[in-house]
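Since the structure comes first, as structure tokens, the remarks are kept for the end.
All residue numbers in this chain count up from 1 along the given sequence. Whatever order the structure lists them in is the order used to number ligands and atoms, beginning at 1. FYI, side chains are in, hydrogens and waters are out, and symmetry mates aren't considered; it's all heavy atoms of this structure. If you're wondering where the values come from, they're calculated on a predicted model, not measured in any experiment.
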Amino acid sequence: MKYDRLREAHIFSGSLNLTKASIASSRPFHYPQPLGALHCGKVSLESLAGRFGTPLYVYSADQIVERLGLFQQAFAGRDHLVCYAVKANSALAILKLLADRGAGFDIVSGGELERVLAAAPEAAERVVYSGVGKTAAEIDRALTAGILEFNVESEPELELLAARAQKLKRKARFALRVNPDVFAETHPYISTGLREHKFGIDIRHALRIYKSAAGSRWLEAHGVSVHIGSQIRSADPFGAALQRVSKLLRQLEREGIVLKSVDAGGGLGIDYHGGSFDAVAKVQEYAAAVNRALDGFDGRLLLEPGRFLVAQAGTLVARILQVKRNGKKTFVITDAAMNDLIRPALYQAHHEIVPVRPRAGRARTVDVVGPVCETGDFFARDRKLQPVLPGDLVALLDAGAYGMAQSSNYNTRLRPAEVLVEGAKARLIRRRETIADLLAPEIAAVANGTSL
Ligand SMILES: *Cc1c(COP(=O)(O)O)cnc(C)c1O
């Protein structure tokens with residue numbers, strides 16, 4: 001029992017003090033009995049791996065719903081809408097789960113719009129469309145679907161939107177995505193709120209653009225949006241960005257332009273190291289910073305969390321193929337690879353890795369790697385790992401966001417299956433790819449008279 005408690009503490013909070021808050025904010029994975037297998041809720045990951053094979057993504061629906069609830073409660077005092085950032089995890093079943101609980105969606109492509117329409121067509125009116133490069137066809141589809149707002153990232157895009165709206169005889173609600181020139185402490189690849197980044201419109205030009213759009217019959221200045229980056233751990237940069245937005249709102253009002261919505265973007269980070277992360281307190285701190293900055297604005301607040309809702313709900317379960325030694329190093333080779341979860345290779349991201357069924361013995365320092373032919377194909381380097389043998393299962397934690405969503409078929413590897421766990425029930429929400437799925441577009445080309 002002592003062993004089990006220690007293991008649980010390691011996974012949940014990094015300490016033995018499992019307070020209510022730390023359980024509420026913890027990962028939804030635990031070892032129910034000493035030396036038992038890791039569970040997601042009431043479901044054993046070992047049994048899921050047996051049923052559906054590996055590598056396998058497993059998500060806790062309960063935690064996703066709980067995290068959405070944290071946002072909804074933290075902003076309950078004002079008119080708000082949580083628009084989940086689809087790109088973090090675009091599984092149809094997850095979109096449906098969130099839509100059924102009132103969420104809207106932040107999309108960044110026409111493809112993501114199709115996902116929302118497939119999962120929850122009634123949620124179309126709760127969609128905001130961000131992204132620096134929207135095509136005319138994508139804009140047309142979104143206008144026809146009747147989305148809530150286009151978050152426009154340049155003047156030419158606003159002109160294109162007006163032209164498409166005129167063509168379809170549908171007025172387009174837009175928000176300018178302003179670039180507040182605020183520094184956010186995160187990985188440079190996922191920082192977006194500085195003037196040197198490709199995102200948004202320099203906030204100093206926004207007033208002029210709103211004024212010129214006021215003359216257009218086909219555009220409605222609906223809101224303003226800001227998104228400064230991803231995996232931001234402190235609430236301060238969000239507050240700073242929204243203070244600049246707030247100043248813009250006052251300037252606009254003086255010109256007679258009253259916006260209905262402020263979109264505060266997403267980006268709230270989690271703790272990939274486990275630590276003593278408290279999701280409840282984090283959301284409250286974030287909400288306080290947002291509300292303080294927007295004091296006096298009584299329109300609708302839009303929020304676009306992605307990672308915060310789904311990251312910790314998910315794990316990637318992999319089977320160990322080999323354990324090999326090269327010189328001084330020990331490599332644990334899993335059947336999952338960078339094509340299944342690219343975050344370590346792309347952002348030097350950290351994912352905790354735990355055995356699904358712990359063995360007794362001392363932890364060893366190893367590299368955990370996949371079979372892809374790239375030295376960058378690693379999940380962990382010089383990491384202390386509990387003892388494992390070929391055939392064992394390991395769980396890569398906090399893999400629910402930007403995991404499957406960024407997966408690829410590199411090395412002609414079939415993408416994993418995905419399972420959603422709700423209470424004691426687990427259901428397959430995406431079957432494993434087959435080689436036929438992968439070859440189909442090429443076989444089809446050949447069938448159409450092209451030769452290999
Ligand atoms: C990626 C993105 C988000 C979500 O970011 P998270 O870090 O996952 O919360 C929200 N809004 C926009 C515009 C984005 O590009």
| message | Quick test: of every protein heavy atom, which one is nearest to atom 1 (C) of ligand 1, and how far off is it to 0.1 Å? | response | K87 NZ, 1.2 Å
| message | Please list, in number order, the atoms of ligand 1 under 4.0 Å from a heavy atom of R307. | response | 6 (P), 8 (O), 9 (O)
| query | How about E255 and Y210: does a side-chain donor come under 3.5 Å of a side-chain acceptor? | reply | no
| Can F174 and H222 be said to form a ring pair (Phe, Tyr, Trp, His ring centres under 6.0 Å), step by step? | CA-CA 5 Å; F174 77 93; H222 184 260; 9.3 Å; no
| message | Quick check: E304 and ligand 1, any N/O pair under 3.5 Å apart? | response | yes
| request: Any chance you could measure D106, atom CG, to E112, atom CD, to the nearest 0.5 Å? | output: 7.5 Å
| Measuring from the heavy atoms of F199, does anything fall under 4.0 Å of ligand 1? | no
| query | Parallel, tilted or perpendicular: which fits the ring planes of H273 and H350, with parallel below 30° and perpendicular above 60°? | reply | parallel
| task | Please write down residue, atom name and distance for the protein heavy atom closest to atom 8 (O) of ligand 1. | result | Y402 OH, 2.5 Å
| message | For D437, is there an ion pair with R431 - N to carboxylate O distance below 4.0 angstrom? | response | yes
| message | Would R432 pass as a cation-pi partner of F52, given that its NZ or CZ must be under 6.0 Å from the six-membered ring centre and within 45 degrees of the axis? | response | no
| task | Could you tell me whether some N/O pair between L268 and ligand 1 is separated by less than 3.5 angstrom? | result | no
| Does G267 come within less than 4.0 angstrom of ligand 1, counting non-hydrogen atoms of the residue? | yes
| request: Give the atoms of ligand 1, by number and element, whose distance to some non-hydrogen atom of G306 is under 4.0 Å. | output: 6 (P), 8 (O), 9 (O)
| Nearest protein heavy atom to atom 4 (C) of ligand 1, by residue and atom, and its distance? | A85 CB, 3.3 Å
| message | Please list, in number order, the atoms of ligand 1 under 4.0 Å from a heavy atom of S130. | response | 13 (C)
| task | Please work out whether any backbone atom (N, CA, C, O) or any side-chain heavy atom from C-beta onward of F308 is under 4.0 Å from ligand 1, and answer side chain, backbone, both or neither. | result | neither
| query | Which distance, rounded to the nearest 0.5 Å, do you find between the CZ of R126 and the CG of L302? | reply | 12.5 Å
| message | My understanding is that we take every heavy atom of each candidate and find the minimum distance to atom 3 (C) of ligand 1. Doing that for Q231, H227, R177, which one comes out nearest? | response | H227
| request: Name the closest protein heavy atom to atom 7 (O) of ligand 1, giving the residue it belongs to and the distance to 0.1 Å. | output: S230 OG, 2.3 Å
| message | Whether D140 and R164 form a salt bridge (side-chain N of Lys/Arg under 4.0 Å from carboxylate O of Asp/Glu) is what I want to check. | response | yes
| What residue among R27, R343, R307 forms side-chain hydrogen bond (donor to acceptor under 3.5 Å, both in side chains) with D398? | R27
